[in-house]
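Working notes, beginning with the structure itself.
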Amino acid sequence: MSVLRVGNASGFYGDRFDAMREMLTGGPLDVLTGDYLAELTMLILGRDRLKNPDAGYARTFLRQLEECLGLAHERGVKVVANAGGLNPAGLADAVRALADRLGIPVRVAHVEGDDLTAAHPGTLAAHAYLGGFGIAECLRAGADVVVTGRVTDAALVTGPAAAHFGWQPTEHNRLAGAVVAGHVLECGAQATGGNYAFFRDGDVRRPGFPLAEVHADGSCVITKHDGTGGFVDVGTVTAQLLYETGGARYAGPDVTVRLDTVRLTQDGPDRVRIDGVRGEAPPPTLKVGLNRLGGFRNEVAFVLTGLDVEAKAALVRAQMEPALGEVADVRWDLVRTDRPDAGTEETASALLRLVVRDPDPEKVGRAPSGAAVELALSSYPGFHVLAPPGKGAPYGVFEAAHVPQDAVDHVAVLDDGRRVPVAPAKDTAVLEAVPEPPPPPPLPPGPTRRAPLGLVAGARSGDKGGDANVGVWARTDEAWRWLAHELTADRLRELIPEARDLHVTRHALPGLRALNFVVEGILGEGVAAQARFDPQAKALGEWLRARHVDIPEVLL
């Protein structure tokens with residue numbers, strides 16, 4: 001059967017608005033996908049639904065369709081998106097109303113069954129991560145637009161591929177190849193040079209969005225429309241494969257992918273072939289994302305300028321202490337952005353960040369804010385803050401749970417209202433770690449030079465609940481021979497002092513010349529809790545690349 005061309009037009013709720021039009025007009029496509037959901041997004045949509053029971057979906061998607069639904073219909077492009085969030089039925093109805101108003105004859109279907117909030121009291125939103133076969137049922141029944149709630153990001157590709165090629169749930173290798181394609185596409189321009197360690201290799205001022213040419217055997221080519229910005233090479237694809245993954249087994253509801261079997265080959269300019277991917281039976285459980293309100297949070301950033309920075313910080317801390325005595329969680333961070341003999345006032349200044357959290361909004365609102373304001377004329381010389389203190393704001397907490405696959409009623413709801421149940425995977429296997437592969441032979445001894453790790457290695461990092469993932473890869477075989485021996489879990493703890501007392505797991509992926517690290521608990525209760533300066537660990541990898549190590553001169 002023919003190649004299936006699947007594009008992406010959104011990597012998150014708030015991504016580039018005109019990407020949908022750009023992808024529809026930039027070249028041929030069969031399916032256009034959009035990923036609008038993340039752990040934090042589910043919390044945001046949950047709060048929206050508290051105010052309005054009819055809300056809970058990504059409104060941006062509807063506005064994009066208002067401009068582009070006609071284009072998609074004219075060009076025969078199916079649209080598949082998880083923009084339904086907490087209310088996929090509501091979004092499907094809204095798309096139908098939009099199509100009727102515009103006079104565009106499209107069939108709209110949706111996928112539901114992921115919402116388990118009622119079974120988890122105390123949560124704002126509890127949703128299972130569904131696979132792609134509900135999407136496949138919708139497309140097989142002739143849907144032009146399919147909207148879902150919480151499916152895995154890769155399901156936006158596995159569903160269309162299964163529908164197009166007629167794959168069955170037991171065809172694990174083919175499904176695994178589609179999952180890899182979906183994982184590369186899911187974050188949009190991150191596959192085309194966005195957020196890329198070696199961004200200076202191309203023009204990334206406005207990177208285009210990626211697409212995958214998926215074949216019947218599950219292999220694919222990652223590329224982009226001609227004439228769009230950015231670039232696609234083995235490095236950009238490697239970086240995205242390492243993003244928010246862990247070990248050699250990458251589990252999902254449809255299949256467990258063996259990331260240690262992935263082969264990447266440059267197949268021409270802006271074309272990377274992915275093949276060799278093996279799949280195994282999925283685990284018997286589904287992941288469930290639990291979002292709840294954790295309490296209230298407030299923050300004040302005191303600016304400390306010039307001399308005696310540490311003494312100034314000690315003074316203001318002592319002055320604020322009486323107002324913070326009953327607060328459940330108080331965190332002070334002195335960020336030394338100041339320089340001696342600075343040429344500007346800003347570069348002569350450090351920041352002292354106070355973050356307070358408590359279940360009671362009063363304890364983090366009026367009391368600490370009032371105390372900070374009252375210090376304006378009675379504290380350290382040069383007293384000022386970055387912004388006036390405000391009221392306490394609610395923050396969220398994310399947790400992951402698991403339920404048996406058959407505990408979820410996965411349903412495809414077709415345009416005519418028919419409801420098609422989607423059976424859970426029958427062939428399952430409990431997830432087990434893959435033994436660490438043997439390292440490559442080390443480089444011969446030779447002179448070294450103290451230099452940043454990033455001169456010879458790329459990195460990409462991200463969040464999974466309270467844990468951070470840091471993927472590090474070498475660009476050459478010689479650099480891999482050094483990196484595999486140099487960057488152990490203990491060495492990473494030394495280079496990232498925040499991780500010294502945390503559990504760090506290293507996973508080696510020799511086929512990608514890569515190491516993937518999972519740092520447990522570094523993000524506290526997850527991004528919505530904002531317990532850390534970089535709450536999603538987006539720049540953790542870049543910090544690691546900036547650390548100085550002894551690198552063999554032959555690599556420099």
Side-chain angles (χ1 to χ4, degrees), residues 190 193-202 204 231 233-248 259-260 262 264 266 272 336-337 339 436-462 468-519 522 533-534 537-556:
Q190 281 196 171
N195 296 355
Y196 181 53
F198 303 106
F199 64 95
R200 291 186 293 180
D201 286 356
V204 296
F231 59 99
D233 66 15
V234 168
T236 65
V237 174
T238 298
Q240 183 55 27
L241 278 176
L242 296 175
Y243 182 64
E244 296 181 348
T245 58
L259 292 176
D260 54 349
V262 175
L264 304 181
Q266 196 72 39
V272 173
R336 295 301 300 265
T337 52
R339 304 174 192 169
E436 182 88 356
L443 288 179
T448 62
R449 188 191 316 162
R450 195 79 175 165
L453 173 64
L455 294 184
V456 296
R460 179 167 284 167
S461 54
N469 146 251
V470 187
V472 186
W473 77 95
R475 305 186 85 182
T476 66
D477 290 339
E478 292 75 16
W480 167 241
R481 290 173 62 185
W482 170 76
L483 183 70
H485 292 272
E486 168 68 16
L487 199 55
T488 62
D490 287 341
R491 188 75 173 105
L492 184 120
R493 289 191 192 93
E494 294 174 7
L495 296 172
I496 304 295
E498 286 180 76
R500 282 180 179 166
D501 298 324
L502 301 176
H503 184 71
V504 176
T505 304
R506 181 182 110 148
H507 303 282
L509 299 169
L512 300 176
R513 294 192 297 237
L515 303 169
N516 223 350
F517 295 89
V518 178
V519 185
I522 193 170
F533 166 67
D534 174 15
K538 295 295 187 184
L540 189 61
E542 285 301 291
W543 178 25
L544 177 64
R545 293 182 68 235
R547 297 307 308 269
H548 286 222
V549 295
D550 295 322
I551 300 176
E553 288 190 354
V554 68
L555 301 178
L556 297 172

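The chain is numbered in sequence order, starting from 1. Owing to the predicted nature of the structure, the values given are computational and were not obtained by experimental measurement.
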Specify the closest pair of heavy atoms between [X] and [Y], including all atoms of both residues, with the distance to one decimal.
| X | Y | value |
| --- | --- | --- |
| Asp550 | Trp482 | O-CZ2, 3.7 Å |
| Leu453 | Leu483 | CD1-CD1, 4.2 Å |
| Arg493 | Arg500 | O-CG, 3.2 Å |
| Leu487 | Phe517 | O-CZ, 3.3 Å |
| Leu242 | Val472 | CD1-N, 4.0 Å |
| Gly471 | Asn516 | CA-OD1, 3.3 Å |

Are any of the side-chain heavy atoms of [X] and [Y] separated by less than 4.5 Å?
| X | Y | value |
| --- | --- | --- |
| Val519 | Ile496 | no |
| His507 | Leu259 | no |
| Leu509 | Leu241 | no |

For the side chain of [X] and the backbone of [Y], is there at least one donor-acceptor N/O pair under 3.5 Å apart?
| X | Y | answer |
| --- | --- | --- |
| Ser461 | Ala537 | yes |
| Gln266 | Asp233 | no |
| Arg481 | Pro440 | no |

### Salt-bridge present (Arg506, Glu436; N to O < 4.0 Å)
yes

### Task
Test Glu478 against Val554 for side chain to side chain contact (heavy atoms under 4.5 Å, CB included), laying out the working first.
CA-CA 9 Å; Glu478 292 75 16; Val554 68; over 6 Å; no

### Message
Heavy-atom count check: over 12 atoms from other residues, nucleotides or ligands less than 6.0 Å from Arg339 CZ?
### Response
no

### Task
Tell me, yes or no, whether the heavy-atom count around Arg200 atom CZ, taken from other residues, nucleotides or ligands under 6.0 Å, exceeds 12.
no

### Query
Is it true that the NZ or CZ of Arg545 lies under 6.0 Å from the centre of Phe198's six-membered ring and within 45 degrees of the ring axis?
yes

### Query
Angle class for the Tyr196/Trp473 ring planes (parallel below 30°, perpendicular above 60°, tilted otherwise)?
parallel

#### Entry: Verdict with reasoning, Glu498 to Trp543, per side chain to side chain contact (heavy atoms under 4.5 Å, CB included)
CA-CA 12 Å; Glu498 286 180 76; Trp543 178 25; 3.4 Å; yes

